[in-house]
Amino acid sequence: MFDKITPRSEDYSKWYTQVIRQAEMADYAPVRGCMVVRPYGYALWENVKEQLDIRFKATGHQNAAFPLFIPMSFIEKEAEHVEGFKPELAVVTHGGGKKLEEPLVVRPTSETIIGYMYSQWIQSYRDLPVLINQWANVVRWELRPRLFLRTMEFFWQEGHTAHATHEEAEEETLRILDIYTDFAVNEAAIPVIPGRKSDSEKFPGALTSYTIEAMMGDKRALQAGTSHDLGQNFAKVFDIQYLDSNQKQQHCWTTSWGVSTRMIGAIIMTHGDDQGLVLPPRLAPTQLVIVPIIPKNNDEAKQVVTQTVDAICETLGSVRYHVDDRYEYSPGWRFNEWELKGVPLRIEIGPRDIENDQVVFARRDIPGKEGKSFVPIADVAETAMQMLDSIQSDMLKRATDFRDANTFEPNDYEGFKEIVENGFARTWWCGKEECEDKVKEETQATIRCIPMEQPDSDGTCIVCGAEAEERTIFARAY
RNA sequence: CGGGGUGUAGCGCAGCCCGGCUAGCGCGUCUGCUUUGGGAGCAGAAGGUCGGAGGUUCGAAUCCUCUCACCCCGACCA
């Protein structure tokens with residue numbers, strides 16, 4: 001079970017899978033392409049959910065639940081939407097032993113069925129905006145699944161809103177992009193680049209798609225969340241209309257946005273090292289693990305250790321801690337186990353420490369002796385809280401430095417090709433799809449996003465040399 | 001769907017090319033004793049329709065035919 005983990009440099013995707021399975025985050029299900037999220041992985045997901053949910057509620061959104069099944073005809077209403085999703089639909093053709101009149105699609109996303117309901121609910125400008133989110137599972141028949149990053153069934157939240165004007169819908173789309181960015185940076189310690197998708201990469205049926213893009217430990221890009229301005233596309237095909245204050249019928253402007261369990265994959269690949277997971281303290285299911293070390297056949301020493309541990313626990317307040325008193329496992333074994341699981345902070349406490357009225361702190365983000373320090377027993381709680389804070393901010397800094405150190409601005413197309421082999425290329429693009437296609441064909445890299453933050457100057461397209469107004473991020477992506 | 005690969009104990013594998021006694025090994029599990037400051041040691045034990053079906057043969061994990069499943073690489077994708 002505790003085989004050595006393959007180093008990242010040797011085989012990154014092997015490392016990724018091994019870490020997930022050995023840390024008991026998830027396991028393969030007996031159905032191809034599906035995974036089982038195990039309690040430890042789910043606990044992390046619950047913390048992700050909680051932090052996002054707080055932000056949604058704070059901006060006026062409410063949760064609701066829509067059906068898992070969607071009539072096939074709904075999916076077919078919006079032309080681009082069908083084209084985008086048709087190849088990956090799971091379709092129910094039989095129910096109760098009989099062939100269905102109309103096949104039901106297991107939702108791949110819920111714009112259509114929610115749009116249909118909105119058309120029933122919305123009559124007047126006074127009904128707007130409608131701001132609803134759902135936490136749900138969806139199914140997409142993926143050809144090449146990968147734990148957390150791309151599974152046939154995955155868990156996510158999907159927000160769906162309807163507004164009176166395009167301006168309001170755009171505002172909403174960007175507000176959510178800000179929420180996603182704030183969550184990724186401040187909770188997950190993942191430095192993301194918020195930006196706009198190119199037309200070829202946008203959501204099927206959207207006017208404009210926005211994204212947060214992150215760099216993983218192998219320097220490939222991962223789309224960690226998306227927010228779409230759907231314009232009136234879905235409102236028109238589902239008749240989502242309202243009467244405005246001038247007594248004129250108007251189509252609504254809708255948005256949709258989502259973050260999925262892929263975020264877990266992003267956390268793993270942003271922070272993990274060759275010992276296993278490294279979880280950001282703010283999201284870690286267990287923030288602090290205490291490993292008591294006791295000599296055998298010495299009840300007195302054992303009692304002193306356990307009493308001291310108990311006393312320390314009383315002072316820990318809101319810290320999410322766990323005492324690992326599985327004495328049948330050696331201390332070294334337990335250290336390794338918690339490192340594999342990415343617990344941010346570990347306290348080791350044995351008779352030798354108690355003699356000196358101290359404990360050993362070990363930071364997960366700084367492996368080996370470097371990350372160890374002695375702390376007086378009286379200061380444990382305060383030090384633990386400070387250290388969790390600094391681990392959180394150091395993790396963000398380390399990930400930001402890594403990304404910046406692997407982001408380059410090419411001088412010419414040859415240089416560009418080299419860069420996207422192994423990092424992000426930040427460069428100018430004229431906006432023509434043929435340049436985008438050429439890059440994809442020759443390098444497998446795609447436009448990850450056109451960052452919201454743009455320099456004042458203009459430039460020339462890295463591919464064709466034409467004048468370009470927007471600087472974009474190109475990279476190979478998951 | 002194209003290319004490659006794997007199914008043998010809970011997990012990871014060897015054995016197959018070249019058929020032959022009771023199908024092995026490592027990890028894990030169970031029991032006992034000794035151990036506990038970086039993945040403990042010794043001794044003992046349990047655990048198998050060799051993915052499935054059919055065939056060849058005195059004899060099949062091994063050869064043949066069919067079949068199922070999964071994994072990896074590509075096209076699609078949050």
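Every chain is numbered from 1 and lettered A, B, ... according to where its sequence line falls, protein lines coming before strand lines. Quick caveat: nothing in here was measured; it's all calculated off a predicted structure. FYI, side chains are in, hydrogens and waters are out, and symmetry mates aren't considered; it's all heavy atoms of this structure.
Using a 4.0 Å heavy-atom cutoff across all strands shown, A:R334 reaches no nucleic acid atom at all. Within the nucleic acid shown, A:L149 comes within 4.0 Å of at least one base atom, counting heavy atoms only. Contacts of A:E328 with the nucleic acid, taken as non-hydrogen atoms under 4.0 Å apart, are absent. Residue contacts shown for A:P87 are absent, as no nucleic acid heavy atom lies under 4.0 Å away. Nucleic acid contact for A:T151: base, since at least one base atom lies under 4.0 Å from a heavy atom of the residue. Residue contacts for A:E348: at a heavy-atom cut-off of 4.0 Å it reaches a base atom on one of the strands shown.
Side chain of A:L143, nearest nucleotide from B:rG37, B:rC71, B:rC76: B:rC76. Taking only side-chain atoms of A:R150, from C-beta outward, the nucleotide of B:rA75, B:rG37, B:rC77 with the closest atom is B:rC77. Picking from B:rG37, B:rC77, B:rG38 the nucleotide with the shortest atom distance to the side chain of A:N336 gives B:rG38. The side chain of A:K372 lies closest to B:rG38, out of B:rC77, B:rC73, B:rG38. Checking B:rG37, B:rC72, B:rA78 against every side-chain atom of A:Y28, the shortest atom distance belongs to B:rC72. Comparing B:rG39, B:rG38, B:rC77 by their closest approach to the side chain of A:E337 singles out B:rG39.
Rounded to a whole Å, the CZ atom of A:R144 is 16 Å from the P atom of B:rG3. Distance A:F154 CZ to B:rC77 P: 13 Å, rounded to the nearest Å. Rounding to whole angstrom units, OH of residue A:Y329 and P of B:rG37 are separated by 16 Å. Between the CD atom of A:E142 and the P atom of B:rC1 there is a distance of 17 Å, rounded to whole Å.
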Could you walk me through whether A:D218 and A:R8 pass the salt bridge (Lys or Arg N to Asp or Glu O under 4.0 Å) test, one step at a time? CA-CA 8 Å; A:D218 61 351; A:R8 286 168 302 165; over 6 Å; no
So A:T443 and A:E421, side-chain hydrogen bond (donor to acceptor under 3.5 Å, both in side chains) or not? Walk me through it. CA-CA 7 Å; A:T443 67; A:E421 284 286 306; over 6 Å; no
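A:W333 does not qualify as a stacking partner of the B:rA40 base, lacking a centre-to-centre distance under 5.5 Å together with planes within 30°.
Using a 4.0 Å cut-off, some side-chain N or O of A:S330 falls inside it from OP1 or OP2 of B:rA40.
Nearest-nucleotide mapping onto RNA chain B: of A:P295 and A:Q444, the residue sitting toward the 5' end is A:P295.
Ion pair A:E213/A:K197 flagged as a salt bridge, since at least one NZ, NE, NH1 or NH2 atom sits closer than 4.0 Å to an Asp/Glu carboxylate oxygen. Salt-bridge check for A:R364 with A:E339: failed, with every basic side-chain N at 4.0 Å or more from each acidic carboxylate O.
Aromatic ring centres of A:F234 and A:W253 lie farther apart than the 6.0 Å criterion allows.
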